[in-house]
Amino acid sequence: MRYFINLSYDGAAYHGWQVQPYDVTVQQRLNEALATLLRIPVETVGAGRTDAGVNAACMVAHFDCDALPYPPEQLAYKLNRILPPDIAIHDIRPVKDDAHARFSALARTYHYYIYTEKSPFRRRYAMRLPFAVDYEKMNRAAEILLQTEDFTSFSKLHTDTKTNICHVTAARWEETEPGLWRFTITADRFLRNMVRAVVGTLLDVGRGKITEDDLRRIIDAHDRCSAGDSVMGEALFLADVRYPDDIYLA
């Protein structure tokens, strides 16, 4: 039987989500914890990859097990007991056998946080800007992303993806509390490094380094070198992964 795990994590101590040969990752820790409790080798599959340092308020992964030794809610409790404090399991739910944490997802949402005034309490989960930006300009530029399909200019080079086509359905900056701004972007899929490159390029618009027409030319160039710098990963959160309701079993 297949199960979906809903979890969250602070990515500071990890080299991203996906298992790596020589670095500690979130997926590695989750696989090890499940194997300890289920007493079988377990390989989870995540809804996507988060880069080193990136956080997840909502990550979904699936795993297969013929017969759980505990009810799902008890397994979640036991996982939380043995996982490190920077990884939290929220629930485990049985799903249809063909449900897939990555390929069944309808949409994913990321949040990116920035702030301008020095704060000892925001520095771990938001990026401090040493310059002022125009958020209205950045929101007008972000609307261009909703009309874009090919995001090659915002993708990490030399990846194994077969296509760079993505469909962005929401992209907007808003001030969530005084001095703290959040960028929300939702799409059916994301390329590696895409959100961080998009944010870096929008900040170039906000500080007047490039115009909306420049952004269109950057997109049309299909060249990562033409876009802005990638921003730091610590301020990026995978915020939501949405699935069809009918993949869950009662």
Side-chain angles (χ1 to χ4, degrees), residues 11-12 16 49-55 108-159 161 163-239:
R49 303 175 181 177
T50 55
D51 295 333
V54 175
N55 311 291
R108 299 160 175 84
T109 297
Y110 279 89
H111 289 160
Y112 197 89
Y113 294 89
I114 63 174
Y115 67 105
T116 53
E117 293 189 5
K118 186 176 181 181
S119 168
F121 307 111
R122 289 176 174 167
R123 60 188 176 85
R124 285 191 61 184
Y125 303 109
M127 184 179 76
R128 185 186 176 197
L129 289 185
F131 48 79
V133 293
D134 187 326
Y135 292 97
E136 290 186 9
K137 282 185 179 180
M138 289 159 61
N139 274 333
R140 288 197 300 270
E143 291 178 3
I144 298 171
L145 303 176
L146 277 63
Q147 307 156 20
T148 301
E149 287 195 337
D150 192 323
F151 284 83
T152 300
S153 293
F154 305 103
S155 173
K156 187 173 183 178
L157 299 175
H158 312 302
T159 66
T161 57
T163 175
N164 290 337
I165 301 300
C166 306
H167 298 98
V168 175
T169 55
R172 185 165 183 82
W173 292 90
E174 59 182 337
E175 191 173 21
T176 58
E177 57 184 80
L180 181 66
W181 287 79
R182 182 181 70 196
F183 178 62
T184 299
I185 183 168
T186 301
D188 59 343
R189 62 191 293 265
F190 287 91
L191 308 175
R192 291 192 65 186
N193 201 57
M194 175 175 157
V195 180
R196 293 163 62 193
V198 164
V199 170
T201 306
L202 290 178
L203 289 175
D204 285 344
V205 174
R207 63 191 299 193
K209 292 182 66 176
I210 63 174
T211 65
E212 293 177 41
D213 288 338
D214 291 330
L215 176 59
R216 292 187 177 92
R217 283 190 284 268
I218 288 170
I219 293 169
D220 292 340
H222 300 161
D223 178 12
R224 176 65 188 92
C225 295
S226 65
D229 293 335
S230 294
V231 290
M232 58 180 267
E234 291 80 357
L236 179 61
F237 288 76
L238 175 59

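- Checked for salt-bridge contact, D51 and K156 miss the test: no charged N lies under 4.0 Å from a carboxylate O.
- Scanning for ring pair (Phe, Tyr, Trp, His ring centres under 6.0 Å) contacts around Y110 gives F190, with sequence neighbours left out.
- Closest non-hydrogen pair, L191 versus S155, comes out as CD1-CB, 3.5 Å.
- Checked against side chain to side chain contact (heavy atoms under 4.5 Å, CB included), E136 has the following partners two or more places apart in sequence or in another chain: D134, R140.
- Summarising the geometry of H167 relative to D188, their closest heavy-atom pair is N-OD1, 2.9 Å, with the distance given to 0.1 Å.
- Across all their heavy atoms, A12 and R124 have their closest contact at CB-NH2, 4.1 Å.
- Qualifying side chain to side chain donor-acceptor pair (under 3.5 Å) partners for R189, counting only residues two or more places apart in sequence or in other chains: none.
- Nearest heavy atoms, L146 versus T169: CD2-O, 4.0 Å.
- Note that the CD1 atom of I144 and the CD1 atom of I218 stand 10.0 Å from one another [nearest 0.5 Å].
- Distance alone, capped at 3.5 Å, places no donor-acceptor pair between the S153 side chain and the R224 backbone.
- Under the 3.5 Å distance criterion, the side-chain polar atoms of N164 are left unmatched by any main-chain donor or acceptor of F151.
- Here L180 contributes atom CG and E174 contributes atom CD; the two are 10.0 Å apart, rounded to the nearest 0.5 Å.
- Other residues, nucleotides and ligands contribute more than 12 heavy atoms inside 6.0 Å of the CZ atom of F131.
- For the atom pair OH of Y115 and OG1 of T176, the computed distance is 13.5 Å after rounding to the nearest 0.5 Å.
- Between the side chain of D214 and the backbone N or O of T211, at least one donor-acceptor pair lies under 3.5 Å.
- Interatomic distance, N139 CG to R172 CZ, rounded to the nearest 0.5 Å: 4.0 Å.
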TODO: Determine, step by step, whether R122 and R128 satisfy the side chain to side chain contact (heavy atoms under 4.5 Å, CB included) criterion, reporting the C-alpha distance in whole Å, the side-chain angles of both residues, the deciding distance to 0.1 Å, and the verdict.
DONE: CA-CA 8 Å; R122 289 176 174 167; R128 185 186 176 197; over 6 Å; no
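- Distance CZ/R182 to OH/Y112: 15.0 Å, rounded to 0.5 Å.
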Open item on the list: Pair D150, T152 - check side chain to side chain donor-acceptor pair (under 3.5 Å), show working.
Closed with: CA-CA 6 Å; D150 192 323; T152 300; 2.5 Å; yes
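- A donor-acceptor pair is defined here as one N or O able to donate and one able to accept, closer than 3.5 Å; no such pair exists between the side chain of E212 and the backbone of R216.
- Rounded to the nearest 0.5 Å, atoms CD1 (I210) and CG (L203) are 10.0 Å apart.
- Here the side chains of L238 and V54 are not in contact, with every heavy-atom distance at 4.5 Å or above.
- When every heavy atom of W173 is checked against every heavy atom of M138, the shortest pair comes out as CE2-CE, 3.2 Å.
- Counting only N and O atoms by type, the side chains of D204 and T201 include no donor and acceptor under 3.5 Å apart.
- Applying side-chain contact (heavy atoms from CB on, under 4.5 Å) to V168 and the options E143, E149, Q147, M194 leaves one that passes, M194.
- Using a 4.5 Å cut-off on side-chain heavy atoms (C-beta onward), V133 and R207 make contact.
- Atom CD of E117 is surrounded by 12 or fewer heavy atoms from other residues, nucleotides or ligands within 6.0 Å.
- Taking the six-membered ring for Trp and thresholds of 30 and 60 degrees, Y113 and F237 have ring planes more than 60 degrees apart, a perpendicular arrangement.
- Across every non-hydrogen atom of A141 and V205, the tightest pair is CB-CG1, 4.0 Å.
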